[in-house]
Amino acid sequence: MRVFIINAYEDRKEKYDDERYEIFPAFWWEDIEEEQVAEYHFRHNARLDYRKKVVACSLSHQAVLGKIINEDLKDVFILEDDAIIEKWDRLKELEGCKEFCYIGGQINAPLMKDFKKFEDIKDSVRENFCKGINVIDPKEFRLAHACGYFIPNKRVAQDILSNIPNCKKERAIDTEYISLQKKGKITKFIYPAIATLYLPEAKKGFSYSTYKLLDDQWLY
């Protein structure tokens with residue numbers, strides 16, 4: 001078992017002072033070239049610094065998947081550096097899981113335009129979740145964010161990586177994963193979340209303005 005933290009900010013390392021965490025150096029957004037940005041799709045008014053951060057984040061996640069493939073790693077947990085694991089014993093709940101499985105994230109409406117309306121029914125959606133591994137129903141909800149997920153082996157990592165991008169131009173990594181939910185390539189999540197947000201840092205993230213993080217997403 002390996003637990004990788006995709007880390008971009010030096011001041012975020014302190015909370016990972018635990019030998020069970022392994023720091024995976026992220027791509028730094030200021031090093032991203034505009035030619036790389038041009039390969040991605042963004043809303044028309046997205047700032048250049050935001051675009052570079054999205055690209056850096058996506059490349060970092062793909063680099064971890066590449067490491068799993070190249071080194072034939074098994075039972076790998078991938079977290080972003082604004083997420084933490086508080087109950088390590090719960091990682092055992094993924095024993096025997098043979099596919100990609102979210103261990104943290106945020107449930108959202110199937111369509112982004114319904115984001116605000118979905119907030120009113122989110123609790124009723126959660127009522128259908130059971131403790132343990134659940135199945136994503138892309139007609140009812142999608143799982144956004146890529147703050148924590150499980151990859152069992154290199155075959156699964158390769159299958160995910162080979163399906164990116166899902167369109168002509170690549171998108172943010174969580175959007176790519178949402179597309180794979182719709183295609184039935186990503187179908188599982190564990191409930192309640194094992195990887196929860198460390199809010200003091202999550203609220204500084206470049207996507208906070210979009211998702212308005214109000215809690216640690218223990219209940220997604």
Side-chain angles (χ1 to χ4, degrees), residues 2-18 21-71 73 76-85 102-106 108 112 115 143-149 151 157-158 160-180 195-214 216-217:
R2 309 281 289 273
V3 180
F4 289 112
I5 304 297
I6 298 176
N7 176 251
Y9 298 92
E10 191 68 27
D11 60 357
R12 291 187 176 186
K13 286 184 178 180
E14 184 177 352
K15 65 182 180 297
Y16 300 116
D17 186 21
D18 185 315
Y21 291 119
E22 296 183 53
I23 299 297
F24 186 90
F27 283 79
W28 181 239
W29 70 272
E30 291 180 322
D31 295 332
I32 300 300
E33 302 291 341
E34 290 192 33
E35 290 81 3
Q36 293 171 284
V37 173
E39 297 176 0
Y40 283 70
H41 171 83
F42 297 95
R43 62 180 186 273
H44 73 281
N45 60 345
R47 301 187 314 273
L48 181 58
D49 62 338
Y50 172 85
R51 295 178 188 227
K52 287 189 174 185
K53 289 173 182 178
V54 167
V55 174
C57 178
S58 177
L59 292 175
S60 299
H61 280 268
Q62 293 182 57
V64 181
L65 294 176
K67 182 179 179 67
I68 293 170
I69 295 165
N70 294 334
E71 299 181 16
L73 303 181
V76 177
F77 296 85
I78 301 170
L79 277 69
E80 294 183 331
D81 64 4
D82 56 2
I84 56 175
I85 294 173
Y102 283 98
I103 63 169
Q106 184 188 66
N108 265 322
M112 189 64 184
F115 175 79
L143 261 172
H145 301 185
C147 65
Y149 53 94
I151 301 288
Q158 184 63 68
I160 296 297
L161 202 53
S162 65
N163 279 279
I164 297 174
N166 285 279
C167 299
K168 289 183 178 180
K169 282 197 170 187
E170 199 161 331
R171 297 171 187 249
I173 192 67
D174 63 326
T175 303
E176 292 289 345
Y177 288 171
I178 288 169
S179 295
L180 294 179
T196 55
L197 293 181
Y198 182 69
L199 284 175
E201 290 170 359
K203 287 186 175 182
K204 298 175 185 176
F206 61 86
S207 62
Y208 171 69
S209 60
T210 301
Y211 291 109
K212 302 299 183 187
L213 308 173
L214 301 176
D216 67 0
Q217 294 183 354

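Note that this is a predicted model, so its numbers are computed, not measured.
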Fill in the blank from the handout: Closest non-hydrogen atoms of Leu199 and Asp216, given as atom of the first, atom of the second and distance, are CD1-N, 3.9 Å

Problem - Polar side-chain atom of Ser58 near backbone of Val54 as donor-acceptor pair, under 3.5 Å - result: no

Practice task
Establish, for the pair Lys53 and Trp29, whether the NZ or CZ atom is under 6.0 angstrom from the six-membered ring centre and no further than 45 degrees off its axis.
Solution key: yes

Exercise for the section: Return yes when atom CD of Glu14 has more than 12 non-hydrogen atoms of other residues, nucleotides or ligands closer than 6.0 Å, and no otherwise. Expected result: no

Problem - Result of checking Asp81, Ile23, Val64 against Ile6 for side-chain contact (heavy atoms from CB on, under 4.5 Å) - result: Val64

Practice task
Go through the structure and list residues passing side chain to side chain contact (heavy atoms under 4.5 Å, CB included) with Arg171, not counting sequence neighbours.
Solution key: His41, Cys167, Thr175, Glu176

Problem - Any Tyr198 side-chain heavy atom under 4.5 Å of Arg12 side chain - result: no

Problem - Residue pair Glu34 / Arg51, side-chain heavy-atom distance below 4.5 Å - result: no

Problem - Validation row: Tyr21, Asn7 side chains within 4.5 angstrom (heavy atoms) - result: no

Problem - No-hydrogen, no-angle side-chain donor-acceptor test under 3.5 Å, Tyr177 and Tyr102 - result: no

Completion exercise
Glu39 meets the side chain to side chain contact (heavy atoms under 4.5 Å, CB included) criterion, sequence neighbours left out, with none

Fill in the blank from the handout: Here the pair of heavy atoms bringing Leu143 nearest to Ile178 is O-CG1, 3.5 Å

Problem - CG (Asp18) with more than 12 external heavy atoms under 6.0 Å - result: yes

Problem - Rounded distance [0.5 Å steps], CD in Glu71 versus CG in Leu73 - result: 5.0 Å

Completion exercise
Of all heavy-atom pairs linking Ala146 and Asp174, the shortest is N-CB, 4.0 Å

Handout entry: Heavy-atom side-chain contact between Leu79 and Ile103 under 4.5 Å
Key = yes

Practice task
Could you tell me the separation between the CD1 atom of Ile69 and the CG atom of Leu161, rounded to the nearest 0.5 Å?
Solution key: 5.0 Å

Exercise for the section: For the residue pair Lys13 and Ile5, establish whether any side-chain heavy-atom pair is separated by less than 4.5 Å. Expected result: no

Problem - ring-ring contact (aromatic ring centres under 6.0 Å, His included) partners of Phe27, counting only residues at least two apart - result: none

Exercise for the section: Provide the closest heavy-atom pair for Pro165 versus Glu170 in the form atom of the first, atom of the second, distance. Expected result: CB-CA, 3.7 Å

Exercise for the section: Please assess Phe24 against Ile78 for the test side-chain contact (heavy atoms from CB on, under 4.5 Å), listing each intermediate value before the final yes or no. Expected result: CA-CA 9 Å; Phe24 186 90; Ile78 301 170; over 6 Å; no

Exercise for the section: Answer yes or no: is there a side-chain heavy-atom contact under 4.5 Å between Tyr16 and Ile84? Expected result: yes

Handout entry: Side-chain touch Ile164/Ile173, heavy atoms, less than 4.5 angstrom
Key = yes

Completion exercise
CD (Gln158) and CD1 (Ile68) are apart, to the nearest 0.5 Å, by 11.0 Å

Problem - Point-to-point distance, once rounded to the nearest 0.5 Å, from CD1 of Ile151 to CZ of Arg2 - result: 14.5 Å

Handout entry: Any donor-acceptor pair under 3.5 Å from Lys169 side chain to Ala38 backbone
Key = yes

Completion exercise
Residues Cys147 and Gly104: closest non-hydrogen pair is SG-C, 3.7 Å

Problem - Heavy-atom closest pair, residues Trp28 and Ala56 - result: C-CB, 4.2 Å

Practice task
Rounded to the nearest 0.5 Å, what's the gap from OG on Ser60 to CD on Glu80? Could you check?
Solution key: 9.0 Å

Practice task
For the residue pair Ile32 and Leu59, establish whether any side-chain heavy-atom pair is separated by less than 4.5 Å.
Solution key: yes

